[in-house]
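Structure first, then comments.
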Number of protein chains: 4
Amino acid sequence: MDAAKRLNAENFVFFNPRDGYQSVLQRQFFRDMSHMAQLYRMAAQYRDKIGFRGQLLIQPKPADPRRHQYESDAMSTMHMLRHFGLDKHYKLYIKPAFARLTSRPYEHDVYMAAAYNMLGCVDASDSWPEFNGTSDICAQDMRDATLVMKCVLEQGGLQQGGFTLGGRVRRESTEPRDLFHGHIMAMDTFARALRNAARMISDGSFSRSIQQRYSSFKSGFGERVEMGNMTLDDCEDFVRKNGEPLHQSSRHEHYENMFNYYISPPRQ
Amino acid sequence: MDAAKRLNAENFVFFNPRDGYQSVLQRQFFRDMSHMAQLYRMAAQYRDKIGFRGQLLIQPKPADPRRHQYESDAMSTMHMLRHFGLDKHYKLYIKPAFARLTSRPYEHDVYMAAAYNMLGCVDASDSWPEFNGTSDICAQDMRDATLVMKCVLEQGGLQQGGFTLGGRVRRESTEPRDLFHGHIMAMDTFARALRNAARMISDGSFSRSIQQRYSSFKSGFGERVEMGNMTLDDCEDFVRKNGEPLHQSSRHEHYENMFNYYISPPRQ
Amino acid sequence: MDAAKRLNAENFVFFNPRDGYQSVLQRQFFRDMSHMAQLYRMAAQYRDKIGFRGQLLIQPKPADPRRHQYESDAMSTMHMLRHFGLDKHYKLYIKPAFARLTSRPYEHDVYMAAAYNMLGCVDASDSWPEFNGTSDICAQDMRDATLVMKCVLEQGGLQQGGFTLGGRVRRESTEPRDLFHGHIMAMDTFARALRNAARMISDGSFSRSIQQRYSSFKSGFGERVEMGNMTLDDCEDFVRKNGEPLHQSSRHEHYENMFNYYISPPRQ
Amino acid sequence: MDAAKRLNAENFVFFNPRDGYQSVLQRQFFRDMSHMAQLYRMAAQYRDKIGFRGQLLIQPKPADPRRHQYESDAMSTMHMLRHFGLDKHYKLYIKPAFARLTSRPYEHDVYMAAAYNMLGCVDASDSWPEFNGTSDICAQDMRDATLVMKCVLEQGGLQQGGFTLGGRVRRESTEPRDLFHGHIMAMDTFARALRNAARMISDGSFSRSIQQRYSSFKSGFGERVEMGNMTLDDCEDFVRKNGEPLHQSSRHEHYENMFNYYISPPRQ
């Protein structure tokens, strides 16, 4: 951390894939997690002591080399931070490819972290989507990357630092130019994704659709529920007076169609 | 909940597999989770109002029918509860088979919930271990079940309620006796597991091994770290004086061997 | 099959997800597969008897409802057909989404079936890529679909029939127009894929790169190996005279970059 | 192979995890597989030339380091061998843990290879069941191992060679005795499995149940179908005369219960 301060580092990452378990038989989970919390407490303290102004980040990973890593994903890590009172000092460094390891979409943990205002940094790499393992391929899927960029833009960007390029060329790509192609592909993928996401946001079609979808929370009964002022009895009264809410279609296919329009605009 | 009170129910379960998303494009995650929190707040309030004394439980599930369910697993659900100040009112109802859906061991969420003192109830069923899906087979693997029972015994049991039998016979098991065989198999599996776990605990070999493993936290520097009284500078001083800690083997294979001894004692 | 003949059906599909096993304890694999072969033999015989000219197809699926389905994927099914002497009468009806269930890429079984000249028909639907299950979403990923179309075009198309639309709208898409949007999205996805694939093929960049990659098999020693005229001793002599072959980069990243160019041409 | 001959090796294994593809864009599947067939043809020829009497084996693996390995599993490999006329010369060396990578049960490929009389050798190791990756743990699950041993015993054993121990201790098991514990655990697991399987077979309860299950193929119409003497018209006549066959329960839960009895006989 002294070195980070001297280098004016914007972020400082903790990545602890060995802090987990191989078997429930030989670990005490809560005790292990509280020990990690002690490290984080001390690190935050030390950062204040030396006046380092970088953002402390934790990078979750589900497993490997351990059978399970405690800081498994965004929600697990945020739970640990919150439980031990450390959430003010840390944010998450999300590698979207890791979400695939727990059978979640590429963009999932980016959105989860952002939902709790804990998204600090993103790794612009990928893993083969069909396989439960880290293949660390250079980012290539602009569709998935666009969803990531949309989330980042909507939260006003990443306050410190940015995206890191974490992919690796394949074992049998043995020439120096392969490394260039890999990095160019990853950068292009995320640059194109940024443009797509910016257009999606500025056109406003998604936000209009979503606002329309949540409109019942804007006023009246729905607003009061959202504010926390209602009881179950109030809900019952409402339904007795107004009947059950009409079910509205989520229009999933409509959203996906719109999305495809931005990913690949029609052409000749 | 009125019915639950009249029936003197020990537990009341919330299971919300439809509260999740199909696509990040058409949901506002935090808003959705805060709405769920409102429901829980109102439900806890209502329970107090009517004087229902059952334990409110939430059953996590990773996905299906949604692409992702917000209350995905133990840590996600506990994070939501803690974030919205509801963790005093709710515990978790863990279906171990669901952990397999996120590529975690059968017993994983039982241990995670218990680590945070949030384990309320357990579903004694299983899913085929190799497949990412809910097959709801009748519990049959005594090895996995033993790990679950060990955790339950070590936390002093389940305070209210107990285990539920949730398995289903296969589609092509068409006779009434098949249902009996399935339930008997599940009950035997968990009963044998209980016995194994009880023996493992009363023999003390695992707890001795674990205490030995964590012994450096029992006194001196390790104890002070655990208590939260140290700084990184203190750690540095310690290492300068005493050198780096000696790495000790985790003896994973030794633990697994011991475990197999309890699962299947030697015989002629 | 009589009905199929009267309707002038181009294809006739066998889809046997219940022919598999729940447990190795209660099945005789080879016997079961030979019984299926009898059904296929009799069906082919009946087709000839009534003069039905449609293509008999088998649709593989890895599992569900059984724990494993014998006709699990392209290679398993082709092995069964070849072993029982039925490969002249049957081709495969590939649902690419099913490849994801065995952790293979979407396009995998399309290419495998085509490699052995057994690709009869394709289902234009998808499943969420990260999850091991059939979610039957309407096809939306043009990148994956393009790889499928490239294979179909390169084999000269599908001789009889074509593509079937097999996706389903989501549970919460409850309006009739959602069904239209879903089908339009699937059709657009594959139509765009067809155009991309046609451009990729007519531009010739991929075929040039691949020919260059396999060039050592075009003449000399490589050609004789491919023709089946060499022995290990010949190989040894060749290496003694000429040294070990120089390793050439597979240039994977270059191919993926080119591919992205066709999927998403640069724009302002 | 000269060395193998001098050592009197019982088996000679081909393991080709690099023969596969990273992307369908840069390989010609059939051509690649035919090249592998040339290697196998030349190797079989050479074996005959030098008079090596060991069994030539191929070890399938689904993927890694490639995105997909051509010799992916038992059925894929057997299809390749049969297609290229090499099945007389080769058998399979099955590592059961690899079946988990394609979401199949541990014992699956052992049974598939044995079904086609192609099981040559077995690797007595395992991988964590919930995760799609090779963790190479020392075999520990006697239940899964028993299913493997039952298959091996029922085919009269492995003609040449035997089982290999392929597991690795965990990264944090750093003492020499850990290696002993790991190997002892694997050997015990398979030894116990052998005993369980021998008892299951000699007691005859499973074979009786299975014979009863397949009894309709023993005589009459069923026997003639199995012999390949029937047509669909014959089937139709049979049903018109005798009605639809009565559906019988597969009694899956009964079989699993019996199995558990052998894995863990009741005790005080």
Side-chain angles (χ1 to χ4, degrees), chain A residues 1 22-31 33-35 38 41-43 45-46 49 62-63 67-68 72-73 75-76 78-80 82-83 101-105 107-108 111-112 115-116 132 147 150-151 206 209-210 213-214 217 225-226 228 230-233 235 250-252 255-256 258-259, chain B residues 22-31 33-35 38 41-43 45-46 49 62-63 67-68 72-73 75-76 78-80 82-83 101-105 107-108 111-112 114-116 132 147 150-151 206 209-210 213-214 217 225-226 228 230-233 235 250-252 255-256 258-259:
Chain A
M1 206 179 289
Q22 296 284 13
S23 166
V24 300
L25 293 170
Q26 23 113 313
R27 304 301 307 227
Q28 296 180 314
F29 286 13
F30 187 79
R31 198 170 186 187
M33 288 185 268
S34 67
H35 292 165
Q38 288 301 336
R41 184 190 57 72
M42 294 192 285
Q45 196 176 44
Y46 190 75
K49 176 191 168 198
R67 188 175 184 188
H68 177 81
S72 179
D73 50 31
M75 288 294 259
S76 303
M78 292 191 291
H79 180 240
M80 288 170 61
R82 179 165 273 276
H83 187 89
L101 269 65
T102 48
S103 298
R104 295 169 178 150
E107 64 278 8
H108 176 80
Y111 279 75
M112 274 299 169
Y116 287 86
N132 235 176
L147 291 169
K150 181 172 184 282
C151 181
F206 285 93
S209 288
I210 287 183
R213 192 170 187 199
Y214 285 80
F217 289 102
V225 169
E226 197 168 71
M230 307 304 284
T231 66
L232 281 188
D233 286 323
C235 296
S250 74
R251 303 199 66 201
H252 171 80
Y255 281 91
E256 292 281 359
M258 278 208 296
F259 184 49
Chain B
Q22 296 285 15
S23 167
V24 299
L25 292 170
Q26 23 113 312
R27 303 303 307 228
Q28 295 181 314
F29 285 13
F30 188 80
R31 198 171 188 186
M33 286 185 269
S34 68
H35 292 163
Q38 289 301 336
R41 182 189 58 73
M42 295 192 285
Q45 197 175 44
Y46 190 74
K49 177 191 168 197
R67 189 175 185 188
H68 177 82
S72 179
D73 51 29
M75 288 293 258
S76 303
M78 293 190 292
H79 179 240
M80 287 169 61
R82 181 166 271 276
H83 187 88
L101 269 64
T102 48
S103 299
R104 293 168 179 152
E107 65 277 7
H108 176 80
Y111 280 75
M112 274 297 169
Y116 287 86
N132 235 176
L147 291 170
K150 181 172 185 283
C151 180
F206 286 93
S209 288
I210 287 184
R213 191 169 189 200
Y214 285 79
F217 288 103
V225 168
E226 196 167 73
M230 308 303 284
T231 66
L232 281 189
D233 286 322
C235 296
S250 75
R251 305 200 64 203
H252 170 80
Y255 281 92
E256 292 282 357
M258 279 208 294
F259 184 48

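Because the structure is a prediction, the values reported are computed rather than measured.
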Looking at chain A, which one of [options] has the largest number of heavy-atom pairs inside 4.5 Å, strictly under?
options: B:Gln45, B:Gln28, B:Arg67; answer: B:Gln28
options: B:Gly228, B:Ser250, B:Ser23; answer: B:Gly228
options: B:Lys49, B:Lys150, B:Met258, B:Arg27; answer: B:Arg27

Between [atom1] of [X] and [atom2] of [Y], what distance do you get to the nearest 0.5 Å?
X: A:Ser209; Y: A:Arg213; atom1: OG; atom2: CZ; answer: 10.0 Å
X: B:Met112; Y: A:Phe30; atom1: CE; atom2: CZ; answer: 11.5 Å
X: B:Thr102; Y: B:Met75; atom1: OG1; atom2: CE; answer: 12.5 Å

Less than 4.5 Å to any heavy atom of chain B: does that hold for the side chain of [X], its backbone, both, or neither?
X: A:Gln26; value: both
X: A:Thr231; value: both
X: A:Tyr111; value: both
X: A:Leu232; value: both
X: A:Ser76; value: both

Let's test your reading of the structure: which of [options] forms the most heavy-atom pairs below 4.5 Å with chain B?
options: A:Phe217, A:Phe29, A:Phe259; answer: A:Phe217
options: A:His108, A:Met230, A:Met78; answer: A:His108
options: A:Arg251, A:Met33, A:Met80; answer: A:Met33
options: A:Gln22, A:Glu256, A:Met1, A:Arg104; answer: A:Arg104

Chain A heavy atoms under 4.5 Å from [X]: which part of the residue, side chain, backbone, both or neither?
X: B:His68; result: side chain
X: B:Cys151; result: neither
X: B:Glu226; result: both
X: B:Pro105; result: both
X: B:Leu25; result: both
X: B:Phe206; result: side chain

**OP:** Compare all side-chain heavy atoms of A:His83 with those of B:Arg82 and state whether any distance is below 4.5 angstrom.
**Re:** yes
Original post:
Would you say the side chain of A:Met42 lies within less than 4.5 Å of the side chain of B:Cys235, judging by non-hydrogen atoms?
Top reply: yes
**OP:** Would you please indicate yes or no on a ring centroid separation below 6.0 angstrom for A:His79 and A:Tyr116?
**Re:** no
